[in-house]
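Report on one structure; see the data block that follows.
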Amino acid sequence: MKKTNLPYTLVDLQPDVSSFKEDVIAGFEKTHKALPAKHFYDKTGSSLFNAITKLPEYYVSRTEMEILHDFGPDIAEAIGVRAHIIELGSGSFDKINQVLPFLESPASYRPVDISISALQDTAEQVLERYPDLEVTGICADYTSTLDFLQQDKGNNKTICFLGSTIGNFQKKEAAAFLQSLAGELDDDGQILIGVDLKKDTAVLHHAYNDAKGITAAFNLNILERMNKEMKADIDSAEFTHHAFYSEENGRIEMHLQSSKEQLVSLEEHTFHFSKGETIHTENSHKFSISEFIALAKQSHLNVDAFWTDEKEWFGVFLLKRP
Ligand code: SAH
Ligand code: AVI
């Protein structure tokens with residue numbers, strides 16, 4: 001569905017229409033109940049994520065923005081002139097607003113997000129700030145289709161994938177996803193990707209267990225989303241946020257833990273939870289610099305340039321086809 005009665009073009013591929021319900025039922029039927037993290041981002045989830053990015057404990061967004069700002073001229077030079085920017089999982093305007101001011105005559109900006117509310121806010125704010133930029137918002141699930149990448153052949157196509165959202169994929173899926181992005185690049189195309197690096201476990205723990213409980217609210221909101229969008233009777237007060245760093249897997253795992261034995265009804269299904277049982281809601285992988293370079297190589301991509309902060313907590317990589 002294409003809408004043009006807006007100051008920008010909006011292509012709405014309606015990514016969520018049936019997949020949310022299907023994924024919830026399929027996820028609850030698993031031996032270890034689990035949900036895809038992409039379903040966190042309804043309107044409330046997107047605004048809770050924005051609140052997370054401003055928390056003192058959540059160094060991720062702040063550190064990446066610092067890198068984008070401090071190395072802005074170098075990053076812009078590496079990207080080159082008249083870039084066609086496609087931003088996957090764009091979220092709010094804040095990140096791209098650290099990149100666009102440094103670029104020389106960017107040609108177009110295409111934010112891609114599963115969350116229509118986040119997408120529209122970002123498209124509007126970009127246009128307000130850059131009225132001459134050609135802006136097309138694409139509401140899509142990038143794990144289902146990458147057809148929108150087929151434009152701009154030979155036109156300095158630059159895919160931005162910021163915020164370490166790559167860490168939310170399983171390791172094998174991350175490699176497969178990067179490889180499919182590589183397949184859409186031309187010789188002059190590139191990927192600018194933000195990657196959260198391995199660090200002290202206590203720092204990681206606090207980033208996902210903040211004092212104000214915003215991350216807990218973000219996690220629990222997925223249950224409220226079920227109550228709003230499905231025939232469901234979940235008492236979210238009977239679940240608690242549980243996030244921990246798994247050294248073995250190099251990732252933060254987020255779970256929702258049942259406080260008691262309970263039955264939950266969803267559509268025509270009833271699911272049993274034992275006390276302490278969890279729903280695995282998100283993985284957030286952390287990489288060493290060499291692990292990420294190896295992942296890029298495995299995905300048939302070279303690291304053309306790399307920028308980090310003083311503490312080496314976060315990395316911004318520019319990937320190209322060999
Ligand atoms: N890049 C932003 C936002 C990161 S949050 C930043 O760094 O702050 C992850 C974003 O990706 C959210 O806006 C979410 O709606 C979007 N997202 C998650 N999974 C997605 C998917 N499969 N397809 C499209 N967008 C997705
Ligand atoms: C979007 N993604 C990279 C965030 C992360 O850190 O994994 C989502 C998030 N989950 C809890 N806090 C933030």
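Every number for a ligand or one of its atoms is a count from 1 in the order of the listing.
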Determine whether the side chain, the backbone, both or neither of I114 has a heavy atom under 4.0 Å from any heavy atom of ligand 1.
both
For the pair F49 and Y41, name the ring-plane relationship: parallel under 30°, tilted 30 to 60°, perpendicular over 60°.
perpendicular
What atoms of ligand 2 come within less than 4.0 Å of a heavy atom belonging to G163?
3 (C)
Which residue from F177, F40, Y142, F93 reaches closest to atom 20 (C) of ligand 1 through any of its heavy atoms?
Y142
Would you check whether Y58 has a nitrogen or oxygen atom less than 3.5 angstrom from a nitrogen or oxygen atom of ligand 2?
yes
Measure from NZ or CZ of K171 to the centre of the six-membered ring of F287 and say whether it is under 6.0 Å with the direction within 45° of the ring axis.
yes
Is it the side chain, the backbone, both or neither of Y41 that has a heavy atom closer than 4.0 Å to ligand 1?
side chain
Answer yes if the ring centres of H206 and Y59 are under 6.0 angstrom apart, and no otherwise.
no
Which residue from S19, C160, S46, G89 reaches closest to atom 1 (N) of ligand 1 through any of its heavy atoms?
G89
Within the 3.5 Å criterion, strictly below it, is a donor on E224 or S236 matched to an acceptor on the partner's side chain?
yes
What I want to know is whether S284 and ligand 2 share at least one N or O pair that is separated by under 3.5 angstrom.
yes
Under a 4.0 angstrom heavy-atom cut-off, which atoms of ligand 1 come close to G163?
7 (O)
What residue and heavy atom of the protein are closest to atom 24 (C) of ligand 1, and at what distance?
A140 O, 3.1 Å
CD1 on I166 to CG on L181, rounded to 0.5 Å:
7.5 Å
Over 60° means perpendicular and under 30° means parallel, so classify the ring planes of F271 and H269, tilted if in between.
parallel
Atom 6 (C) of ligand 1 - nearest protein heavy atom and its distance
K95 NZ, 3.3 Å
Would you please say whether a donor-acceptor pair under 3.5 Å links the side chains of D42 and N221?
yes
Q257-T278 side chain donor-acceptor pair, cut-off 3.5 Å:
no
N168, portion touching ligand 2 at heavy-atom distance under 4.0 Å
side chain
Can you check whether D141 has an N/O within less than 3.5 Å of an N/O in ligand 1?
yes
Interfacing atoms of ligand 1 (cut-off 4.0 Å, heavy-atom, K38)
19 (N), 22 (N)
What atoms in ligand 2 come closer than 4.0 Å to a heavy atom of Y41?
1 (C), 8 (C)
At what distance is the nearest protein heavy atom to atom 12 (N) of ligand 2, and which residue and atom is it?
Y208 CE2, 3.6 Å
Atoms of ligand 1 less than 4.0 Å from T165 heavy atoms?
4 (C), 9 (C)
G167 heavy atom under 4.0 Å from ligand 2
no
From the list R62, E64, H69, side chain to side chain contact (heavy atoms under 4.5 Å, CB included) partner of E66 resolves to R62
For atom 5 (S) of ligand 1, what's the nearest protein heavy-atom neighbour? Residue, atom name and distance, please.
F49 CE2, 3.4 Å
Which ligand 2 atoms are under 4.0 Å away from a heavy-atom of F218?
10 (N)
T215 versus ligand 2: do any nitrogen or oxygen atoms come within less than 3.5 Å of each other?
no
Hey, is S90 one of the residues with a heavy atom under 4.0 angstrom from ligand 1?
yes
Would you call the rings of F292 and F317 parallel, tilted or perpendicular, where under 30° means parallel and over 60° means perpendicular?
tilted
Residue pair S115 / S46, side-chain donor-acceptor N/O under 3.5 Å:
yes
Subset of ligand 1 atoms that lie under 4.0 Å from at least one heavy atom of G91:
3 (C), 13 (O)
Using heavy-atom distances only, which candidate in E282, K286, H285 approaches atom 9 (C) of ligand 2 most closely?
E282
Quick check: F161 with Y142 (ring centres under 6.0 Å apart)?
yes
Within a reach of under 6.0 Å around CD of Q150, are more than 12 heavy atoms found that belong to other residues, nucleotides or ligands?
yes
Carefully, step by step, assess K260 and D235 under the rule salt bridge (charged side-chain N to carboxylate O under 4.0 Å, His left out).
CA-CA 11 Å; K260 60 172 192 185; D235 183 356; 5.8 Å; no
Evaluate the ring planes of F28 and F273, with Trp represented by its six-membered ring, and classify them as parallel (under 30°), tilted (30 to 60°) or perpendicular (over 60°).
perpendicular
Counting only nitrogen or oxygen atoms and a 3.5 angstrom limit, does D113 reach ligand 1?
yes
Where ligand 2 meets S164 - atom numbers and elements under 4.0 angstrom, heavy-atom basis:
3 (C)
May I ask you to identify, for F40, whether its side chain, its backbone, both or neither come under 4.0 Å of ligand 2 on a heavy-atom basis?
neither
Is R110 positioned over the aromatic face of F148, cation under 6.0 angstrom from the ring centre and no more than 45 degrees off axis?
no
Does only the side chain of S92 get under 4.0 Å from ligand 1, or the backbone, or both, or neither? Count heavy atoms.
neither
